[in-house]
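As the structure lists them, so they are numbered: ligands from 1, and atoms in each ligand from 1.
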Amino acid sequence: MNVYTHHQDSRESLVRDAAERAGRYLSAMDDRAVAPTQEALDALSYLGGPLPHRPTDAATVLDMLDTFGSPATIASAGGRYFGFVNGGALPAALAAKVLASAWDQNAAIRAMSPVAVHLEQTALGWMRELLRLPEGTASALVSGATMANLGCLAAARHALLARQGWDVESQGLFGAPPIRVITSAESHVSVGKALAILGLGKDRVHKVPTDDQGRLRVDLLPEVTEPTIVCLQAGNLNTGSFDPIAAVCEALPRDLTWVHVDGAIGLWAAVSNNHRHLLEGYEAADSWATDGHKLLNLPYDCGMLFVRHAEALHAAMSSHAPYLQTAAQPEPLQCSPEMSRRARGVEAWAAVKSLGREGIANLMDNLCRHARRFDEALRDCGFEVRNDVVLNQVLVSFGSDEETKEVIAAIQQDGVCWCGGTVWAGRHAMRISVASWATTDEDVERSLEAILRAAARCGVEPLVESV
Ligand SMILES: *Cc1c(COP(=O)(O)O)cnc(C)c1O
């Protein structure tokens with residue numbers, strides 16, 4: 001008898017109950033609207049209320065979560081959610097996460113969890129190979145590409161200042177020699193956030209203009225004569241486009257520059273023979289950030305950072321204390337901004353083990369194939385696809401800004417699929433981000449029908465008669 005569970009074996013039965021409910025949740029996914037109903041949202045109030053004074057038994061707590069929480073989710077685990085580049089969770093990774101929840105390991109150092117660190121480092125080694133990054137590259141799993149950008153740029157800051165005899169970790173930035181930062185006008189907001197946190201300032205950045213697809217224009221790159229961090233992007237969140245990494249690296253004095261690639265979405269093109277060309281020259285960069293919970297379909301949350309110069313990353317993330325039994329090999333806490341952290345490596349390992357190189361390449365190719373199908377079908381119906389569909393992103397406008405917004409609202413209301421909006425080149429557009437392993441050809445066709453139905457209901461006229 002235990003006050004926390006009320007029954008002798010109820011921890012086991014609770015976990016079994018949770019797993020069964022999770023299974024039922026996933027089975028019901030196909031029959032529900034992607035967005036929660038207003039009724040489901042209203043019922044969330046049952047999960048609010050004043051601070052409970054008395055205990056509630058754990059089985060009831062779980063039942064409340066399932067009864068009121070499950071219907072209020074966004075069905076992003078299904079195959080027809082195309083919002084925000086949110087991936088699904090691969091079955092093996094999801095199952096691994098369920099088991100790892102019971103393990104409840106702290107993956108800060110080996111001494112706290114040999115298995116978590118072993119799986120993380122094995123998975124990172126496999127990923128380095130999958131992504132064709134140089135041997136000896138240091139890496140870590142983090143919460144997402146935002147933290148991956150932060151970790152990489154901290155290593156960059158260390159390296160460029162260390163070369164000038166300045167120890168930024170000890171001395172801070174006051175009085176340090178300046179570092180210049182160059183990004184494209186289309187760099188992701190998280191790059192600015194990382195620069196802000198690192199004291200490099202998000203507004204003292206030189207922003208190079210981009211072309212109509214959002215790619216940095218090499219011809220407008222400024223002359224570089226001082227230590228400079230250059231942030232490039234692989235996979236624009238709207239268009240999916242890639243900065244011309246090879247051309248930029250060629251144009252830069254490499255002894256003065258640290259080239260960082262934010263490949264949250266696009267770095268996974270490296271695993272596909274059909275898409276690798278988009279990344280041309282990326283292996284010459286100094287650091288790379290990517291996401292696990294986008295195209296790779298790891299469960300939330302998971303990103304990865306890779307830094308060519310291991311010593312720069314370790315110096316930037318270094319933390320030592322007598323009580324931390326750190327091993328001779330680098331520990332996760334010396335490679336990432338976090339200390340205590342969940343064991344993301346379990347799911348990362350399970351995903352790569354279950355799919356293998358071939359399965360991951362097929363996953364990427366399928367996401368891109370679905371995106372091309374949306375592109376082709378919408379163009380055929382006379383709608384305006386705003387981008388060259390090179391990866392998983394499709395941008396479509398339905399006429400005026402008002403019309404586009406109206407169609408997006410109608411699609412979200414309809415519930416068969418879910419797409420969000422954006423502004424691209426000064427005009428509203430709908431984003432279709434194909435990012436889930438669970439999306440089937442049938443899901444794409446059903447979603448296309450729903451999109452066309454919503455457009456018709458809004459009285460939007462295609463540019464040309466449908467064929
Ligand atoms: C999504 C994204 C990020 C941020 O990733 P999080 O996982 O949300 O932290 C950074 N850069 C790009 C290009 C992205 O698409």
For R386 and Q213, does a side-chain donor sit closer than 3.5 Å to a side-chain acceptor?
no

Looking only at side-chain N and O atoms, does T439 offer a donor or acceptor that is under 3.5 Å from a partner on D443?
no

Thinking salt bridges, do D104 and R342 make one under a 4.0 Å N-O criterion?
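No, D104 and R342 are not salt-bridged.
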
Would you mind checking if K207 and E186 are paired as a salt bridge, meaning a charged N to carboxylate O distance below 4.0 Å?
no

Report, as yes or no, whether the 6.0 Å neighbourhood of atom CD on E226 holds more than 12 heavy atoms from other residues, nucleotides or ligands.
yes

Atom pairs and distances, ligand 1 N/O vs protein N/O under 3.5 Å:
from: ligand 1; atom 1: 5 (O); to: D291; atom 2: OD2; distance (Å): 3.1
from: ligand 1; atom 1: 7 (O); to: A145; atom 2: N; distance (Å): 3.1
from: ligand 1; atom 1: 7 (O); to: D291; atom 2: OD1; distance (Å): 2.9
from: ligand 1; atom 1: 7 (O); to: D291; atom 2: OD2; distance (Å): 2.8
from: ligand 1; atom 1: 7 (O); to: H293; atom 2: NE2; distance (Å): 2.7
from: ligand 1; atom 1: 9 (O); to: A145; atom 2: N; distance (Å): 3.3
from: ligand 1; atom 1: 9 (O); to: T146; atom 2: N; distance (Å): 2.8
from: ligand 1; atom 1: 9 (O); to: T146; atom 2: OG1; distance (Å): 2.6
from: ligand 1; atom 1: 11 (N); to: H188; atom 2: ND1; distance (Å): 3.4
from: ligand 1; atom 1: 11 (N); to: D262; atom 2: OD1; distance (Å): 3.1
from: ligand 1; atom 1: 11 (N); to: D262; atom 2: OD2; distance (Å): 2.7
from: ligand 1; atom 1: 15 (O); to: K294; atom 2: NZ; distance (Å): 2.8

Ring centroids only, cut at 6.0 angstrom: are F82 and F374 within range, meaning strictly under it?
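Yes, they do, as the ring centres are separated by less than 6.0 Å.
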
